[in-house]
Number of protein chains: 2
Amino acid sequence: MNLSKTSQYAIRVISFMAYDNRQIYPASVLVKKLKISDKYLKRLLTTLSKHGIVRSIQGRYGGFVLDKKPENIFIYDIVAAVENIEKYYGCILGFSECSDENPCPLHEKWAPIRDELINLLKNTSIADVVKNPKIMKF
Amino acid sequence: MNLSKTSQYAIRVISFMAYDNRQIYPASVLVKKLKISDKYLKRLLTTLSKHGIVRSIQGRYGGFVLDKKPENIFIYDIVAAVENIEKYYGCILGFSECSDENPCPLHEKWAPIRDELINLLKNTSIADVVKNPKIMKF
DNA sequence: TTCATATACTACATTATTGTGGTATTTGAT
DNA sequence: ATCAAATACCACAATAATGTAGTATATGAA
Ligand code: SF4
Ligand code: SF4
């Protein structure tokens, strides 16, 4: 019951960068600050840049910058950028024959929870996440 | 955002057996009906029997029987038997420094969803799941 | 133009999850 | 007691997710 580790990494990086979204952070700094595997994080950053969540600046004195204001970056977009978001819409039991149209008794209770979670992801911005000083003690 | 495949398999098997919880099903029948990998399902059934969810009967004419009435077998127990249930109590963002005591703005919204899901798993019995004929068209 | 330092890319390594094979052991009808 | 048919067990295979290594390419300050 959690986002993939990759999604969590992505959220952490973006959260960190949200502190000062004008500053250019080279990957090396982010790796050191967040203690995430060097190459894995770099690859992740490239992915995020291709999805327009960060902007990459190549060459010397380059790095990564947030491409939008933290208020406009939603967790849902980050997750959708790095993993298959469809997964979050499926049946919790893994059945395929049924859906909203053919609900089991569980569905009535599951669907609202699922929808709440998706809405949470869609409505929560990085600015919201960053409000907690505890989290940001990297 | 789903239970592990193993959990889903387990729920399917138990659901199938719930139809006639007096009948002894040899693993071979369950494999054929549910189209789940032979050895993997057998191993899973052994695990479930060790957790008191099914009872195994060895030897010729043996097989597996539900150890309780479907009304008394809860999804939560099945999941807890086959995967690490702790996973479902953690932070969705994967942070560790904080918790209910040091909530971020997201936590206020996440915790209730998490709790609802856990309650759903705890309160939903196999009898509930099996009420939907669509699901049971194996 | 050079060059230090950054990202981009590709291939491989490790780990966790899921799936398979072969054999030992159990059991009750005969 | 025998034996067909079932579970239990152990070791390995395939796949997916995560982590690592090395090289190519880009860029701007000097
Ligand atoms: S009806 Fe039940 S089994 Fe089907 S998708 Fe909904 S929760 Fe899953
Ligand atoms: S406060 Fe936020 S980051 Fe911390 S456990 Fe709760 S949801 Fe996760």
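- Residues Y61(A) and I24(A) form no side-chain contact, since every pair of their non-hydrogen atoms from C-beta on lies 4.5 Å or further apart.
- At dA8(C), one or more side-chain N or O atoms of T46(A) fall inside 4.0 Å of OP1 or OP2 (strictly under the cut-off).
- Ranking dT20(C), dA8(D), dA4(C) by closeness to the Y40(B) side chain, first place goes to dT20(C).
- Rounding to the nearest 0.5 angstrom, the gap separating the CG atom in D20(B) from the CG atom in L66(B) is 9.5 Å.
- Whole-Å rounding puts the L34(A) CG to dG19(D) P distance at 13 Å.
- In this structure, K5(A) reaches the sugar-phosphate backbone alone: every heavy-atom distance under 4.0 Å involves primed, P, OP1 or OP2 atoms, never a base.
- Within the 4.0 angstrom heavy-atom criterion, no nucleotide atom of any strand lies near S28(B).
- Listed for the D77(B) side chain is no donor-acceptor partner under 3.5 Å among the backbone atoms of I73(B).
- S56(A) has a side-chain polar atom (N or O) that falls below the 4.0 Å cut-off from OP1 or OP2 of dA8(C).
- Rounded to a whole Å, the CZ atom of R43(B) is 18 Å from the C1' atom of dA6(D).
- Residue L48(A) contributes atom CG, which lies 11 Å from atom P of dA8(C) at whole-angstrom precision.
- As judged by a 4.0 angstrom heavy-atom cut-off over every strand, I57(A) is placed among residues touching the sugar-phosphate backbone only.
- For Y9(A), a side-chain nitrogen or oxygen approaches OP1 or OP2 of dG19(D) to under 4.0 Å.
- Taking the ring centre of F74(B) as origin, the terminal cationic atom of K122(B) falls outside the region bounded by 6.0 Å and 45° from the ring axis.
- Among dT18(D), dC9(C), dG19(C), the nucleotide with an atom closest to any side-chain atom of S37(B) is dG19(C).
- For the pair K87(B) NZ and dA17(D) C1', the computed distance is 13 Å after rounding to whole Å.
- Between S4(B) and dT17(C) there is no side-chain polar atom (N or O) within less than 4.0 angstrom of OP1 or OP2.
- Comparing dT20(C), dA8(C), dT7(D) by their nearest atom to the side chain of F64(B) picks out dT7(D).
- What separates NZ of K32(A) from P of dT5(C) is a distance of 13 Å, to the nearest Å.
- Two residues, K39(A) and Q58(A), neighbour DNA chain D, and the one matched to the more 5' nucleotide by heavy-atom proximity is K39(A).
- Rounded to whole angstrom, the span from the CD atom of Q8(B) across to the P atom of dT17(C) amounts to 15 Å.
- Following rounding to the nearest Å, I24(B) (CD1) and dT27(C) (C1') show an atom-to-atom distance of 12 Å.
- Annotation: side chain of V54(B) is not in contact with side chain of D67(B) (no heavy-atom distance under 4.5 Å).
- In this structure, R60(B) atom CZ and dC3(D) atom P are separated by 12 Å, rounded to whole Å.
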